[in-house]
Amino acid sequence: MPLDVTGLGLDALAARVRAWLEDHLPAHWRDAALTGDRHALAAIARDDAVTRAWYAELGDSGLATAGWPVEHGGLGLAADGVAVVADELARLHAGRPMSDFVGVALAGPTIVEWGTDEQKRRFLRPLALGEHRWCQLFSEPGAGSDLAALTTRATRCADGDWVVDGQKVWSSFSDRADYGLLMARTDPGRAKHRGITYFLLDMRSPGVEVRPLRQLNGQSEFGEVFLTDVMVPDTDRLGRENQGWAVAMTTLAQERSGLSGRPGVGPGRADALAARARDTGAWDDPLLRDRILRAFVAERVLQMTTVRAFADLGRREPGAEGSIRKLAHGTLDATLGLLATEVEPGGAVAHDPADGDAEAALDAFLSGKILSIAGGTSEIQRNIIGERVLGLPRDRDPYADVPFAERPRG
Amino acid sequence: MPLDVTGLGLDALAARVRAWLEDHLPAHWRDAALTGDRHALAAIARDDAVTRAWYAELGDSGLATAGWPVEHGGLGLAADGVAVVADELARLHAGRPMSDFVGVALAGPTIVEWGTDEQKRRFLRPLALGEHRWCQLFSEPGAGSDLAALTTRATRCADGDWVVDGQKVWSSFSDRADYGLLMARTDPGRAKHRGITYFLLDMRSPGVEVRPLRQLNGQSEFGEVFLTDVMVPDTDRLGRENQGWAVAMTTLAQERSGLSGRPGVGPGRADALAARARDTGAWDDPLLRDRILRAFVAERVLQMTTVRAFADLGRREPGAEGSIRKLAHGTLDATLGLLATEVEPGGAVAHDPADGDAEAALDAFLSGKILSIAGGTSEIQRNIIGERVLGLPRDRDPYADVPFAERPRG
Amino acid sequence: MSADPFRWTPEHEEFRAVLRKLTESRTPLACAPAPASADQRERELWRAWADELGLPGLVVPESHGGAGFSRLELAIAAEELGRAVAGGPLFASAVLATEALLATGPDAAAAEILPALAGGTSVAALAVVEESHRWAAADVRTRVGDGRLTGVKHAVLGAADADVLVVAAREDAGVSLFLVEPGTGVEIVPLAVLDPSRPAARVDLTGAPARRIGVAGEGWPAVERALEAGAVFLAAEQVGGSRALLDAAVEHANTRVQFGRPVGQFQGVKHRLADMAVRTELAAAAATWAAWQEPGTDTARLGAAVARAHCADAYLETALDAIGVHGGMAITWEHHAHRYLRRARADLAVLPGPAEQRRLLETMIGTGV
Amino acid sequence: MSADPFRWTPEHEEFRAVLRKLTESRTPLACAPAPASADQRERELWRAWADELGLPGLVVPESHGGAGFSRLELAIAAEELGRAVAGGPLFASAVLATEALLATGPDAAAAEILPALAGGTSVAALAVVEESHRWAAADVRTRVGDGRLTGVKHAVLGAADADVLVVAAREDAGVSLFLVEPGTGVEIVPLAVLDPSRPAARVDLTGAPARRIGVAGEGWPAVERALEAGAVFLAAEQVGGSRALLDAAVEHANTRVQFGRPVGQFQGVKHRLADMAVRTELAAAAATWAAWQEPGTDTARLGAAVARAHCADAYLETALDAIGVHGGMAITWEHHAHRYLRRARADLAVLPGPAEQRRLLETMIGTGV
């Protein structure tokens with residue numbers, strides 16, 4: 001039963017959400033969040049029964065998908081309202097986990113915009129209730145930044161359904177996903193952007209194999225997905241045949257905007273870094289202290305920019321401006337990662353294996369570079385800013401209009 | 001009478017040059033240099049009679065043009081030997097002034113390589129003796145980094161001589177020059193690099209007008225040169241008709257290499273900056289101190305690189321590697337310029353008009369950016385390094401092979 | 001903090017449009033005068049700002065003859081003036097001196113002169129910094145005796161044009177503020193400046209008659225309040241300057257052809273412009289956020305310091321980048337780029353700069369603000 | 001300084017070629033083992049280096065069983081090993097510990113073990129740093145009593161593999177060096193390391209029997225000499241690493257096609273590679289110049305500090321840039337890039353880093369060196 005938030009200003013909306021959470025969130029969850037008890041929160045996150053019940057209740061209220069239209073189980077809020085809801089949920093650690101980002105932030109809006117009535121019925125409600133997990137199947141080993149150069153093939157069968165073959169990569173949480181947002185080439189006789197179709201792939205289909213990809217920090221958030229003679233019914237096509245690139249644009253705009261966080265100006269990673277530096281004595285070094293303060297300034301400025309972006313957006317959709325925040329975020333993440341090690345004794349490079357602070361610092365350092373590559377490299381973001389925000393001339397692929405099959409291979 | 005330096009090692013060469021200077025340099029000049037008396041040196045520089053006589057004697061000895069072949073009045077030394085000579089001359093402030101750089105470092109080697117016997121006879125000896133001053137007439141308002149897009153026209157008359165019309169810019173010391181290294185388009189029906197011819201222009205010719213160009217720091221080192229119906233005899237053509245681009249390559253390679261200074265590792269601008277910072281108290285700021293030390297490291301590293309470049313060069317000609325030093329030099333110059341202001345009280349931004357230190361600091365700041373533009377922007381240097389040093393694919397002008405006259409205009 | 005994020009209103013946008021039209025029509029970028037010849041134009045512009053828009057009294061309460069607006073309107077004005085590197089006494093008089101006066105209560109002496117300042121018929125200058133060039137109470141050595149001031153004030157912005165000086169001086173109770181009029185015991189020695197659009201002078205006080213404003217020994221908080229407002233003003237001004245530079249550089253990149261294509265198509269130029277845009281958008285967000293805070297609060301102090309720390313460095317980098325994009329033309333005297341470069345460098349020193357702001361933030365980081 | 005500039009000789013070039021062949025054949029970049037499984041390969045490589053090329057004794061005088069070469073040959077070895085991020089005890093034993101021993105005279109105790117170290121049949125480790133993680137004489141708190149050492153040494157490179165430890169400890173006369181063999185009173189606790197190619201351990205000394213080397217209280221100059229040699233070695237090693245990264249990134253940029261052309265044609269990539277090349281060429285010049293100076297002289301100290309300050313930062317930047325050029329593939333565990341990134345970051349901390357070197361240079365700037 002969706003919460004009624006019609007006509008509320010942002011402050012009133014915040015109050016309404018807070019009151020609802022007060023009434024509905026299990027008390028032990030609320031207490032763990034408010035006391036900042038990390039162990040209790042981790043235990044809750046691992047307790048499937050509790051989380052499943054909560055995400056169902058949250059989804060039913062419309063708060064998990066506050067930006068979706070009311071008729072699809074959302075609250076019909078603009079970006080600023082969505083941000084307010086996200087803030088309230090974050091305060092109690094009550095929102096959907098990061099692994100649901102692809103589903104809630106990307107798959108949902110894309111299906112809302114492009115889906116058939118039947119697709120909306122099939123996918124949106126389970127997504128809102130936390131019943132389906134999604135992953136994104138866009139990138140390929142041979143088509144990194146140049147997404148549209150993808151070679152995964154979808155061939156139409158006599159009955160109108162499709163057989164898909166190819167390989168995808170950089171697919172977050174693909175090992176746990178129920179469905180995947182898939183782009184595949186359906187007409188190599190057309191130019192590269194014009195022969196792609198977008199599908200909603202059932203990850204349980206025979207022929208889908210997921211292999212985790214180990215990152216430089218030793219963790220495996222991404223997967224490689226191998227597709228071998230995978231049958232996809234035509235009813236799982238999203239948008240029209242060979243017009244998948246337009247559908248993907250919706251997904252990508254959401255992704256750029258969504259990766260850069262919730263609005264709000266307040267203590268962040270740099271504050272924590274300063275606290276740690278005071279503990280280890282690193283704060284006494286004026287050069288290091290100044291670098292931490294530079295990061296502090298950069299983090300607050302990015303927060304202020306995010307606040308403004310949400311305010312500016314109002315009812316508009318996220319656009320190329322998201323690239324500005326993504327670029328700044330990537331730089332900041334790398335800086336904070338390096339600083340994290342520098343405040344540890346000996347730079348954390350040789351430490352007691354049980355020293356959790358040192359381990360976390362090294363992970364922050366090694367992960368720091370990932371954000372400026374995943375979700376579009378910094379070079380690609382600069383192209384987007386230059387071309388779509390500033391209106392500079394595009395540097396076109398010389399084979400952009402050549403049939404895909406006739407392009408030279410690199 | 002050229003000095004005999006046959007078979008000398010570099011240390012012996014240095015000793016020989018030092019002894020010769022001891023015998024020949026006027027005593028008051030030598031004393032001014034050794035005591036570091038700036039006022040006396042400035043007075044000497046202004047005394048035409050003294051400098052003219054000295055440059056003639058220096059030229060006669062071959063030391064002013066130590067890298068030229070012996071038959072043209074040089075000493076036939078390789079780059080390392082030339083550097084040793086330059087060091088000894090610099091020690092006594094006895095070398096040719098910066099305004100002779102184009103003549104000695106660019107015009108000379110280009111004429112040696114491409115000149116007819118008659119041109120070598122006419123130009124090389126006066127150049128060596130300091131009788132001719134030269135400027136470079138390559139850049140145009142419409143063709144900055146893209147030098148080969150020049151539109152200054154040289155049209156052949158019936159008698160085989162040429163009439164030149166057009167406008168040049170960024171010509172250092174052009175107001176004082178006797179001759180100019182001129183590139184002009186002689187066949188617009190050919191592709192842009194293939195219709196250019198190289199001339200040795202008499203700057204006293206009717207139709208040559210020079211207007212000083214005021215720089216952002218208020219000084220006028222450069223000029224604009226307007227060419228209106230200027231007659232140039234065909235005997236002043238350097239190299240073959242329409243093959244001027246190849247001739248220009250010789251000049252440009254010398255320029256890139258020459259701009260980055262003489263080899264030697266020792267006290268430089270950063271040392272002077274540290275001394276000044278100690279005087280003003282700026283040295284007490286650990287952040288500023290560290291930035292000065294970074295500049296110190298960068299300056300010493302650049303010196304070490306120049307030493308190595310000269311050693312590596314041996315008898316080879318300067319090449320694309322010069323771009324590496326030019327790029328580093330541009331960055332360092334900008335850094336030192338900013339730091340120069342920061343060590344002054346109040347950043348020198350508001351100061352007693354009689355405060356020479358503040359004025360010099362502001363000039364260093366404003367001039368700091370010039371080096372990364374003059375003589376090829378940093379972007380162009382990066383292209384040269386990427387393409388000619390690292391062998392990356394060139395990003396070709398799409399109209400490179402189109403007749404020049406048929407290119408679209410911007 | 002309220003969940004309702006700040007939004008510019010239609011009135012704000014209109015104010016901005018009027019200001020831009022007025023400012024651009026008088027100091028168009030394309031034919032901007034060389035700084036040294038700008039005096040006459042700037043005087044005319046100042047009259048127009050005062051008479052048509054009431055800029056000098058923008059943040060002065062209506063009860064003291066001003067318009068009673070907030071720092072948001074001030075930030076709009078700053079941004080538009082910054083676009084044109086406009087000179088005139090707005091920053092020195094209407095921001096620094098006026099804010100210091102307002103912060104004294106305003107007390108009776110301040111209240112007496114505020115209407116003329118708000119109306120732009122009189123201008124003031126704030127004289128604080130001395131030989132050390134530091135904005136620090138401990139460094140104020142100008143002494144008071146018998147109602148007369150003796151000391152030397154350095155780099156006082158707008159001093160030569162000022163009808164009245166607001167001077168920080170030390171008495172037994174601490175640092176107080178005083179009103180001093182040019183005349184007996186006051187020598188104003190113009191200084192050479194990097195940025196000719198912001199003239200500065202040394203003020204030699206040799207027994208200059210002075211009236212104390214505010215409570216004895218409580219002058220420094222008023223200086224700090226002026227610094228907070230000044231930081232917000234400069235940040236917004238720098239956003240305006242950055243935007244003007246970015247616009248002109250984008251225009252150049254779209255039209256200048258090299259190697260057979262507009263230079264903006266080359267990633268070397270395109271990515272540099274993108275970096276300028278990123279820096280500038282972040283600067284705009286920070287300046288606006290800072291202007292949006294209630295003056296004198298913890299978040300206002302934080303916002304001002306953060307905005308000034310980011311915007312000042314961003315502006316200098318952008319000015320240098322712009323020269324890189326324009327290439328040779330930008331290193332000539334006639335091109336607009338060096339006016340911005342001069343302003344950007346000078347801005348680092350006219351108030352406590354980014355390094356000092358970060359030092360200030362040492363006390364705020366990790367405190368929950 | 002002599003006017004005759006340094007030039008590599010044909011013998012140097014041959015030594016380099018042999019080393020590269022040997023190192024690349026054992027640890028080719030393309031199929032480099034994951035760091036953790038590299039142990040066996042590295043032991044084999046160490047034997048080959050020792051037996052075929054005499055690397056462990058490169059700078060040990062012939063009278064003590066070494067090859068008697070200079071730091072130039074050591075720099076060549078470092079560069080080639082750095083190309084492959086090769087592990088093994090060369091840096092810890094043949095550079096740090098051996099240089100410290102040589103700097104004691106070598107005295108009789110040192111001379112006794114040098115032939116085995118030079119032959120590579122025995123390896124040593126230098127244990128200096130304690131809880132503060134600083135290379136400072138004042139921070140050495142390990143005490144001597146009755147010929148036994150008590151204290152804790154942190155982050156000792158190569159300690160777990162060492163046959164003998166060279167330990168700095170404090171006695172009444174000051175800091176001295178001691179030889180300690182693993183065994184009674186010595187506990188070696190392996191640490192988790194960012195760069196698995198350079199294992200480190202904590203060494204807990206609880207009354208460990210020790211023999212003093214050199215004069216009592218004069219141990220620190222020997223440590224400084226080891227630091228000078230170590231700085232030169234690391235700088236050269238980092239040049240090798242930077243060059244390997246640059247070569248691989250150029251190769252990638254020439255072959256990887258995106259948007260219809262090799263990515264190296266885009267200035268975004270091309271200029272980044274150019275910046276990597278600039279940094280690396282400057283690093284190579286600095287490392288060579290430093291290696292060329294007479295050890296222990298003012299110019300050697302200057303060269304080592306300048307080279308280490310430049311090369312360490314340059315290497316880290318280049319490792320990060322290389323990841324940017326390779327894009328997604330470079331953030332996987334299998335790709336070579338993170339081995340260089342780990343090494344580059346760890347290198348900042350294994351000896352006094354760039355910030356400490358600049359602090360050291362404070363005493364040299366402006367002194368005419």
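Below, read A as the first sequence line, B as the second, and so on, with proteins coming before strands; counting in each chain starts at 1.
Each of B:Glu342, B:Glu359, B:His351, B:Glu379 has some count of heavy-atom pairs under 4.5 Å with chain C, and the biggest count is that of B:His351. Taking chain C as the reference chain and counting heavy-atom pairs below 4.5 Å, the highest number among B:Asp395, B:Val402, B:Val169, B:Leu288 is found for B:Asp395. Ranked by heavy-atom pairs under 4.5 Å with chain C, the first of B:Ala143, B:Ser139, B:Ser378 is B:Ala143. Per-residue heavy-atom pair counts under 4.5 Å with chain C were compared for B:Thr341, B:Asn383, B:Ile370, and the maximum is reached by B:Thr341. When each of C:Ala201, C:Gly328, C:Ala330 is checked for heavy-atom pairs under 4.5 Å with chain B, C:Gly328 comes out on top. Between chain C and the options B:Leu213, B:Leu366, B:Thr377, heavy-atom pairs under 4.5 Å are most frequent for B:Leu366. Here B:Ser145 is the residue among B:Ser145, B:Ala400, B:Gly347 with the most heavy-atom pairs under 4.5 Å with chain C. For the options C:Gly327, C:Gly268, C:Ala155, heavy-atom pairs under 4.5 Å to chain B are most numerous at C:Gly327.
Heavy atoms of C:Leu157 lying under 4.5 Å from chain B are absent altogether. Heavy atoms of C:Pro262 lying under 4.5 Å from chain B are absent altogether. Only the side chain of B:Ile380 has a heavy atom closer than 4.5 Å to any heavy atom of chain C. In this structure, the portion of C:Ala200 lying under 4.5 Å from any heavy atom of chain B is its side chain and not its backbone. Contacts of B:Gln219 with chain C are absent, with no heavy-atom separation under 4.5 Å from either backbone or side chain. For a residue to count as touching a neighbouring chain, one of its non-hydrogen atoms must lie under 4.5 Å from one of that chain's; by this rule C:Arg345 touches chain B with backbone and side chain alike. Only the backbone of B:Arg396 comes within contact range of chain C, judged by heavy atoms closer than 4.5 Å. Using a 4.5 Å cut-off between heavy atoms, B:Asp355 makes no contact with chain C at all. For chain B, no part of C:Arg134 is nearby; none of its heavy atoms comes within less than 4.5 Å.
Between B:Pro345 and C:His133, the closest heavy-atom pair is CB-CD2, 3.8 Å. Scanning both residues, C:Ala346 and B:Val349, for their nearest heavy atoms gives CA-CG1, 3.7 Å. In terms of heavy-atom proximity, C:Phe259 sits nearest to B:Pro398 at O-CD, 3.6 Å. Minimum interatomic distance between C:Arg342 and B:Leu216 (heavy atoms only, all atoms of both residues): NH2-O, 2.8 Å. The two atoms that bring B:Asp352 and C:Leu191 nearest to each other are N-CD2, 3.8 Å, heavy atoms only.
One distance of note links CZ of B:Phe365 with CG of C:Leu316; it measures 5.5 Å at 0.5 Å rounding. Atoms CG and CZ, from B:Asp397 and C:Arg261 in turn, are 7.0 Å apart once rounded to the nearest 0.5 Å.
Against chain B, the residues from residues 319-326 of chain C that qualify, each with a non-hydrogen atom under 4.5 angstrom away, are C:Leu320, C:Ile323, C:Gly324 in number order.
For B:Glu209, the CD atom sits in a packed shell: over 12 heavy atoms of surrounding residues, nucleotides or ligands are nearer than 6.0 Å.
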